[in-house]
Amino acid sequence: MQMNCISKLALVVLILLCSVPTSFGELEFGHCERAVKKWVDASSSSEEHNNKDKRSLQDLLFFLHVPRTGGRTYFNCFLRKLYDNAEECPRSYDKLRFNPRKEKCKLLATHDDYSLMEMLPRDKTSVMTIVRDPVARVLSTYEFSVEVAARFLVHPNLTSAARMASRIRKKNVISTLDIWPWKYLVPWMREDLFARRDARKVKGVVIIEDDNPYDMEEMLMPLHTYLDTPTAHDIIHNGATFQIAGLTNNSHLPEAHEVRHCVQTYKSLGERVLQVAKRRLDSMLYVGLTEEHRESASLFANVVGSQVLSQVVASNLTAKNKNTKSEERDTVSESGSDKSDIQNGTSEVASDKIEAKSGNMTVKTLMEIYEGCSTHLRKSQGTRRVNSLKRISPANFTTETRTRVPREVIQQIKTLNNLDVELYKYAKEIFVKEHELVSKKIIVSTSKRSIADLQNVFGEMDDEKLWTVALMLLLFFLFFLFVHARRRRTSKVKI
C-alpha cells in the first residue's frame, strides 16, 4: 500500500516536471507577445499625430544609412554637394552627441537606426533611406568585414594591431571602427583572421586548392559558418528591418533589446515589426534601391535635390533683401567653409557647393556631378579593396566569385533574412510608384516649358508674321493631304 502511494507520488512529480518546460515556454511567448504589442502600439501612437506632407522636404533631412547599400556614394556625391559643412549636424555613429535644435542644422547622415527620431523634431524632419536585396547586402557585409579586418594583417600579431587601432580612434576623425555595425564586426573578424594566420604558421606550408573565397577555411571564416554565429544573428540578419524599425543593438530605445530578442526567438512575432518598418518606409521622403542605381539616383535628384536647390534660390532671394552688414557676415562664413574644404583636399567638393549655393546648379548638373563623383569613388574603393585582400590571397571578392556561393547557402540567407526579403519587395513597390509619379511630373513640366517657349516665340511676332506662319502651316497641311491621297490611288491601281 505504501509502495503504491510512493509510486503515485513519483508519477505526479514526473508529470509536473515534464509540464514545466511547456509552461515556461508559454509564459515566455506570452511575455514576448505583450512586449512586442506594447512597442508596436507606442510606435503607432507616436506617428499618428504627424500630419506633414511626406513629399515636401522639411527643415532637417535625416539620412538613415543602412550599411552596404551604397549610402556612402549618396553622402559624398549628392548630399555633400547640396549642403555646407555648417549645415551638417555634428554627428556620431555611436551615440547621439548633437543638438537637433542647432541653428542651420539641416542634414544628419548616420548608420543610427530609426529610434533617433525620438530625439528629433518629428514634424520638421524628413527621412530618406536606401534598401538593398538582402542576399547581396549580407554577402557585401561579409566581404567588407573581411576587407577591413585584413588591413590589420600588416601587424605581426593581434596585440600590435589592437594597439594601433586604439591610437587611430583617439584622433578627431571618425574611423570605421567607430561606426555601427563595423565596431562589432571588424574586431571580431580581425581576431579570426589572426587566429587562422597563426594556425597556418604552425602547420607550415598550406596548399589551398579551392578557388571559392567564401569557403577558404584555412584563410578566413567560411561564409556558411559566419551566417550561423550569434553575432550575425544579432546584427546582420534582418538588419534593414530592425534598423528602420529602430530595434538594432545600437537603438536609443530601452525596450529595443527585449523586442528584438523576442522576434528572433519567436518568428511569428516578426510580422508586427515588419508592418511598422513598412509604414515608416511609406512615410519617407525618398526610398532608393541599390540594384536600380541609375533610376534611384535620378529619382533622388528630382525628389530631394530639386527641393534643396529650390530652397537655396529662395534663401538667396531673401538674403538680397538683408542689410550690407548681414551679407558680409554670411560671405565670411561661407568662404571659411570653402577654405576648410580646400585645405582638406576636397576643392572639387567645395566648388560644387559654391555652384549649388549660388543657385546656378540644376537637377541636370547635379546628376552630371554625381556621375563623375561616383565613378571616381568606385575606382578608389576598388583599389583599396584589392590592396586589402592581397594579404589573404588567393581569397578575393568579385561579381564573378559571388556566383560560386552554393544555392543552399543563398537559401539559408533568404531564410535567415525573411523579414528583409519582404521589406525589400515592399520597397520596390514604393520605388516603382514614386518613379512613375516623378516621370509624369517631368513630362508635364517639359510640356509646359515647350508651350511657354512657343508662346514666347509667337508673342514676339507682329500680326503680319503670324499670318505668314499660319499660311505656311496651312499649305504644308494641304500638301500632306495631297501626297497621302495620291499614295492611296497608286496602291489601289497596283492591287
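Quick caveat: nothing in here was measured; it's all calculated off a predicted structure.
Salt bridge absent: Glu436 and Lys433 never bring a charged side-chain N and a carboxylate O closer than 4.0 Å. At a threshold of 4.0 Å, the pair Glu271-Lys267 does not count as salt-bridged, since none of the basic side-chain nitrogens sits closer than that to a carboxylate oxygen. Using a 4.0 Å cut-off between a side-chain N of Lys or Arg and a carboxylate O of Asp or Glu, Asp282 and Lys278 do not qualify as a salt bridge. Taking the charged nitrogens against the carboxylate oxygens, Arg151 and Glu147 do have a contact shorter than 4.0 Å, which makes a salt bridge.
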Where do Met367 and Phe78 land on the side-chain contact (heavy atoms from CB on, under 4.5 Å) test, with the steps shown first?
CA-CA 8 Å; Met367 277 299 297; Phe78 266 142; 4.0 Å; yes
Could you please spell out the steps behind the side-chain contact (heavy atoms from CB on, under 4.5 Å) verdict for Val131 and Tyr426?
CA-CA 10 Å; Val131 185; Tyr426 194 71; over 6 Å; no
If you apply the rule salt bridge (Lys or Arg N to Asp or Glu O under 4.0 Å), what do you find for Arg137 with Asp420, and how did you get there?
CA-CA 10 Å; Arg137 184 186 63 79; Asp420 276 9; 2.9 Å; yes
Quick one: do Ser251 and Phe242 satisfy side-chain contact (heavy atoms from CB on, under 4.5 Å)? Show the steps, please.
CA-CA 9 Å; Ser251 176; Phe242 285 132; over 6 Å; no
Show your working on side-chain contact (heavy atoms from CB on, under 4.5 Å) between Glu33 and Tyr266 and close with a plain yes or no.
CA-CA 9 Å; Glu33 192 174 31; Tyr266 303 104; over 6 Å; no
Evaluate Asp113 against Ser115 for side chain to side chain donor-acceptor pair (under 3.5 Å), listing each step before the verdict.
CA-CA 6 Å; Asp113 65 25; Ser115 64; 2.4 Å; yes
Step by step, work out the side chain to side chain donor-acceptor pair (under 3.5 Å) result for Asp112 and His252.
CA-CA 9 Å; Asp112 221 323; His252 300 278; 2.9 Å; yes
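Applying the ring-ring contact (aromatic ring centres under 6.0 Å, His included) rule to Tyr114 yields no partners; only residues at least two apart in sequence or on another chain are considered. Listed by chain and residue number, nothing satisfies the ring-ring contact (aromatic ring centres under 6.0 Å, His included) test with Tyr424 (two or more places apart in sequence, or in another chain). Residues forming a side chain to side chain contact (heavy atoms under 4.5 Å, CB included) with Arg402 (at least two apart in sequence, or on another chain): Arg132, Ala136, Leu139, Ser140, Glu143, Tyr214. Residues forming a side chain to side chain contact (heavy atoms under 4.5 Å, CB included) with Glu434 (at least two apart in sequence, or on another chain): Lys54, Arg55, Leu299, Ile430, Leu437. Residues that satisfy the side chain to side chain contact (heavy atoms under 4.5 Å, CB included) test with Leu158, not counting sequence neighbours, are Arg190, Glu191, Phe194. Residues satisfying the ring-ring contact (aromatic ring centres under 6.0 Å, His included) criterion with Phe62, sequence neighbours excluded, are absent altogether. In terms of the side chain to side chain contact (heavy atoms under 4.5 Å, CB included) criterion, residue partners of Glu368 (sequence neighbours excluded) are, by chain and number, Lys364, Thr365. For the salt bridge (charged side-chain N to carboxylate O under 4.0 Å, His left out) test, residues two or more places apart in sequence or in another chain that qualify with Arg279 are Glu47.
Asn418 has its side chain out of reach of Leu274: every pair of non-hydrogen atoms, C-beta onward, lies at least 4.5 Å apart. Counting heavy atoms from C-beta on, the side chains of Val36 and Arg272 come closer than 4.5 Å.
For Phe63 against Thr129, the heavy-atom pair with the smallest separation is CE1-CA, 4.2 Å. Of all heavy-atom pairs spanning Ile392 and Leu193, the tightest one is CG2-CD2, 4.4 Å. Between Gly305 and Leu82 the shortest heavy-atom distance is CA-CD1, 4.0 Å. Heavy-atom minimum distance, Val363 versus Ser306: CG2-CB, 3.8 Å. Listed here is the closest heavy atom pair of Thr73 and Ser374: CG2-CB, 3.6 Å. Closest approach of Gln243 to Thr248, counting heavy atoms only: CA-CG2, 3.5 Å.
Ring pair His257/His261 is parallel by interplanar angle, where below 30° counts as parallel and above 60° as perpendicular.
Checking side-chain atoms of Asp133 against main-chain N and O of Val135 turns up a donor-acceptor pair under 3.5 Å. For the pair His111 (side chain) and His65 (backbone), a donor-acceptor distance under 3.5 Å is present. Under a 3.5 Å cut-off, the side chain of Ser126 and the backbone N or O of Leu61 do not form any donor-acceptor pair. Judged purely by atom type and a 3.5 angstrom limit, Asn250 has no side-chain atom pairing as donor or acceptor with the backbone of Trp180. Within the 3.5 Å criterion, the main-chain N or O of Pro121 finds a donor-acceptor partner in the side chain of Thr125.
Counting only residues at least two apart or in different chains, disulfide bond (SG atoms under 2.5 Å apart) contacts with residues 265-304 are absent. Sorted by first then second residue, the salt bridge (charged side-chain N to carboxylate O under 4.0 Å, His left out) pairs that include residues 246-263, not counting sequence neighbours, are Asp234-Arg260. Listed by first then second residue, pairs satisfying salt bridge (charged side-chain N to carboxylate O under 4.0 Å, His left out) with a partner in residues 58-72 number zero, not counting sequence neighbours. The stretch residues 230-313 participates, sequence neighbours left out, in these disulfide bond (SG atoms under 2.5 Å apart) pairs: Cys32-Cys262.
Less than 6.0 angstrom separates the ring centroid of Tyr74 from the ring centroid of Phe300.
The neighbour count for Arg384 CZ, taken as heavy atoms of other residues, nucleotides or ligands under 6.0 Å away, does not exceed 12.
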